[in-house]
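Given the structure is predicted, the values throughout are model-derived calculations rather than measurements. Labels below follow one simple rule: chain letters A, B, ... track the order of the sequence lines, proteins then strands, and each chain is numbered from 1.
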Amino acid sequence: MHGQRCFHLLVCNNNVGYWAHAFTKQEPGLGKFRKYSLSSSSDFYSSLGLEDFLSVGDTYGTEEDTDMAILYGTLRGSVVGLRYYTGIVNNNEMVALQREPNNPYDKNAVKVNNVNGDQVGHIKKELAAALAGIMDNKLAVVEGVVPYGAKNAFTMPVQMSFWGREENKEIVLDQLKRHGFKLALPLKECGFGSKWISGRAGPSYSAPVHAAVQLTTNQLKSEFDKLFEDLKEDDKTCEMEGAEAVGTPLLPHQKQALAWMVSRENSNDLPPFWEKRSNFYYNILTNFAEKQRPENVLGGILADDMGLGKTLTTIALILTNFQDGKPLPVEKITSDKFYESVKKKYSDDGPRATLIVCPLSVLSSWIDQFEQHIHQDFHVNIYVHYGSDRSKDPSVLSEQDIVLTTYNTLATDYGIRGDSPLHKVKWLRIVLDEGHTIRNPNAQQTKAALNLEAHRRWVLTGTPIQNSVKDLWSLISFLKLKPFTDREWWHRTIQRPVTMGAPGGLGRLQSLIRSITLRRTKTTKVKGKPILELPERRVLIQYVTLTEEERQIYQSVKKEGKAAISGFFSEGTVLTHYADILGVLLRLRQLCCHPRLCINTSSSFSADNKIPEELHETLVRKMKLVLSSGSDEECAVCLESLTLPVITQCAHVFCKPCIFEVIRREQPNAKCPFCRNELRVEHLVECPLEEEIDSSNRKKLDQEWISSSKINALMHALIELRRDNPTAKCLVVSQFTTFLSLMENPLKESGFAFTRLDGSMAQKKRVEAIRCFQSSQAGSPTVMLLSLKAGGVGLNLTAASRVFLMDPAWNPAAEDQCFDRCHRLGQKHNVVITKFIVKNSVEENMLKIQNKKRELAAGAFATKKPSATEVKQTKINEIKALIDL
DNA sequence: ACCGCCGGGTGCC
DNA sequence: ACCGCCGGGTGCC
């Protein structure tokens, strides 16, 4: 049951139907998807979709460090044997030199190909003999341009440039010398007049090497952002309404994005850098020409900032632009008997399905957004291709309107030769979400994505240029823009000119980007107005004083805990007792909220006199308890809040993807990043983030209900708020779901209409809770009890203009993300956030640590990622600060 | 003549 | 290739 994450269900009274070819299975709750409750290692591999964490691809950095290359010099040579090959070139056209070690006549053979990859001829054998060693040992990259004589019948000249790392220069010059060749040095003083080197085709040569100005990543990034600052282009500011089936009204900038995407998909334009010249098509970068019209990508890159609605816009595109600019033909649900109409086939034979590939972490967000944005009256077939029982039948996939899958599923399917249904389907369109995931060209995910078949190809990303221009290549390559699908042409015409600061390089990249991407930031202006005007957001801290009784309990637990922890410090066993320490801190944090929260957290410490297995078991159990309380713990690898926490044998906790990455990198002897103990996949224990409160527990909470200082403070604030503004809605947020439950009682008693949203709820209930809360109808709930981590990035709770954060999180970013659920697009009011903090408590110390983290994050661009030991030391210092040691 | 020279055959690697 | 090179034919002036 746990492993059942491939949805074969049809929800009739819902707006989205998830169904397989035969209506065989029904499963009522998509909430299953969110919840993993695996604990034994035997379950582990089979049901977890292990492929999502064990990357099949090789590691980054295997590619040649072309970034470091300098120009050694140039050499004129000749291409021979033209009459035996079909490849033709133009004067000044770039050519590729390719080693052909298996040539039966000469093992030193070097082929000469044109931009299209067609062979033009061979490098003359004496020269080839000199080049072979250099090329095979990757001492230099040799690039060619045919300066003239392109129409010759038997031989033609080729101007070669040698590029490589500084330290290889002498070896290369020496090897050439031994064969009687000498490079002409690139002349610094030739400046822009270095025409004889470059011909007209070599933008890469026209740069005097040492005069090159290398742009830093940040400079580049700002260059790009500048490019999009003020959109004037008409094709990006036209607006378009979504089809009827789009259930959410689009905002102006989303209508612009939709119009642009539709126009891209229906475009007849030539791709960038191509011109029609009499009866052939000409590439102005490489000077390559061909009769056949080069295909333009019917798509591009949607690179809007987070929060502008890329997902909604994409859903709108799918529903609005099917064929010939007509909307996707979906069934309108008019009666109860819509089953038959759903099965109706579309007579058209063309591809129908859109494939969306996304990281696992946003899979649920897509499902949420389908639910949210597809109009209730329309039936759209959506299939989630994920999990161990995913379909192997391509026809199941091609019949859908939308197929959703993850990069790792895609890569795993692709790896199993000839058995990838995803690669057998002709898609109408492919959308890669978080497209920068495929920036490593050698990774299996990238290769698998590149080999999917569709004319319409889209990349969604919030960070188009993450590290360098280099990262763009995979995306461009996915878009199948000629001639950039071949890395050499991308490198010679764009990447090198840009990174070396060659004149025109950046301009060229900009014009490429401009023609295929749409990027808006939150501050982008259209016609002088910012596209997003978010109301103000204020964060207030309200201090709470514990009652005498609460303080007594708190102090006694603190005293005991402090003694134990200082004991661990003096023994040097802080790391082995990490779970114990988190347990102490958790109890103190819980006591700040409500004394009742501690009921199921044992206070005993794991004694060292136990045999190791017992100790380990207790520690793991303790860690599970900490996590299941809802506490937002951090992963020491990524420094973010935990996603899919797993506990190691040494009782430390990490995100599952993070720890698998460590294991993969350090295999076969991986060590826990935290304590350097042995780390084995089969010892990892998965842990659900939130446990549902069992009914007996809940009864207990109801029967013996008592209040707490924090609850009193909250109720006071709520009642005051209601008096001042009866319709104002607010979110009451806590990490502890039990705490949320404890608040239900006084809310009821004071007559508040409230709803609740936490991670344990089934999808349907969640959707209902959200809809209810967002409704502006009289009598709709004014309070939502919200667990800190509930919902994905897509969660929209803009009806609320007040937030009460009941307990601080370790990670300020987690809090911010939560606030953004109401302080986001669509918010009409100023947002006021109140953080309740207990005076003289662990909470106050947490605030201090939060502030430090904020400062660190603000300067994040300058500082490098801290090492594991640094993380460890920071954690230890934090523990000391938290418990006043 | 174990040369030179002539002119036809021929041609990437 | 309107080249170079190869190898067979040839041979005083």
Side-chain angles (χ1 to χ4, degrees), chain A residues 64 66 69 71-164 168-169 171-184 196-202 204-205 280 283 286-292 483 485-489 491-493:
Chain A
E64 338 79 80
T66 35
L71 179 59
Y72 296 159
T74 65
L75 182 65
R76 176 66 60 85
S78 45
V79 187
V80 296
L82 303 183
R83 63 171 160 157
Y84 301 100
Y85 306 98
T86 52
I88 52 164
V89 291
N90 293 298
N91 287 341
N92 293 311
E93 183 171 329
M94 292 182 174
V95 287
L97 272 56
Q98 185 193 9
R99 276 283 285 126
E100 194 187 14
N102 295 325
N103 186 301
Y105 303 96
D106 182 359
K107 61 178 171 39
N108 292 325
V110 177
K111 291 207 288 183
V112 178
N113 302 334
N114 69 10
V115 177
N116 220 13
D118 300 324
Q119 186 170 359
V120 177
H122 276 106
I123 291 292
K124 203 166 157 60
K125 61 176 178 296
E126 293 80 5
L127 180 55
L131 296 185
I134 293 167
M135 293 173 77
D136 292 344
N137 297 315
K138 299 203 188 309
L139 297 173
V141 169
V142 189
E143 298 177 349
V145 173
V146 173
Y148 56 86
K151 298 288 171 284
N152 291 358
F154 305 101
T155 68
M156 60 173 69
V158 59
Q159 187 69 32
M160 290 171 294
S161 306
F162 291 71
W163 298 84
N168 290 333
K169 185 170 175 175
I171 317 170
V172 171
L173 293 183
D174 189 60
Q175 290 214 15
L176 287 168
K177 195 175 171 186
R178 254 184 274 164
H179 288 86
F181 297 103
K182 192 172 186 291
L183 293 188
W196 68 276
I197 296 179
S198 66
R200 284 205 333 272
S204 21
Y205 311 103
F280 53 87
N283 185 280
T286 59
N287 291 327
F288 176 75
E290 63 181 341
K291 278 264 184 326
Q292 206 191 334
T485 39
D486 187 324
R487 179 90 148 261
E488 177 171 350
W489 309 120
H491 196 253
R492 288 175 69 175
T493 60

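For the C1' atoms, the distance from dC2(B) to dC13(C) is 25 Å, rounded to whole Å. dC6(B) and dA1(B) have their C1' atoms separated by 15 Å, with the value rounded to a whole Å.
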Derivation of the side-chain contact (heavy atoms from CB on, under 4.5 Å) call for Val158(A) and Val112(A): CA-CA 9 Å; Val158(A) 59; Val112(A) 178; 5.6 Å; no
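Per the geometry, CG belonging to Leu127(A) stands 13 Å off C1' belonging to dC13(B), to the nearest Å. Between Leu131(A) atom CG and dC13(B) atom P there is a gap of 13 Å when expressed in whole angstrom units. Residue Met156(A) contributes atom CE, which lies 14 Å from atom P of dA1(C) at whole-angstrom precision. Separating the CZ atom of Arg99(A) from the P atom of dC13(B) is a distance of 14 Å, rounded to the nearest angstrom. Rounded to a whole Å, the NZ atom of Lys107(A) is 13 Å from the C1' atom of dC13(B). Tyr105(A) has its OH atom 14 Å from the C1' atom of dG11(B), to the nearest Å.
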Dump every N/O contact between nucleotides 3-6 of chain C and the protein below 3.5 Å, one line per pair.
none

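In this structure, dC12(B) makes no Watson-Crick or G-U wobble pair, since no nucleotide meets both defining distances under 3.5 angstrom.
Scanning all heavy atoms of the two residues, the minimum distance from Gly149(A) to Asn91(A) falls at N-OD1, 3.1 Å. Scanning all heavy atoms of the two residues, the minimum distance from Arg99(A) to Asn108(A) falls at NH1-C, 3.1 Å.
Of all the residues in residues 114-125 of chain A, His122(A), Ile123(A), Lys124(A), Lys125(A) reach under 4.0 Å from DNA chain B with at least one non-hydrogen atom.
For Leu173(A), the CG atom counts as densely surrounded, since its 6.0 Å shell holds more than 12 non-hydrogen atoms of other residues, nucleotides or ligands.
dG11(B) has no stacking from Phe154(A) on its base ring, since the centres under 5.5 angstrom apart and planes within 30 degrees of parallel are not both found.
Considering CD1 of Ile134(A) and NE2 of His179(A), their distance stands at 8.5 Å, rounded to 0.5 Å. Of the inter-residue distances, the one linking Asp174(A) atom CG with Asn168(A) atom CG reads 12.5 Å to the nearest 0.5 angstrom. How far CG of Asn116(A) is from CZ of Phe288(A): 3.5 Å, rounded to the nearest 0.5 Å. Residue Tyr148(A) holds its OH atom at 9.0 Å from CD of Gln159(A), rounded to the nearest 0.5 Å.
You won't find any donor-acceptor pair under 3.5 Å spanning the side chain of Tyr84(A) and the base of dC13(B), going by distance alone. Between the base of dC13(B) and the side chain of Asn103(A) there is a donor-acceptor pair shorter than 3.5 Å.
Note on Arg83(A): a side-chain N or O is less than 4.0 Å away from OP1 or OP2 of dC12(B).
Residue pairs meeting the ring pair (Phe, Tyr, Trp, His ring centres under 6.0 Å) criterion with at least one partner in residues 76-114 of chain A, sequence neighbours excluded, are Tyr85(A)-His122(A).
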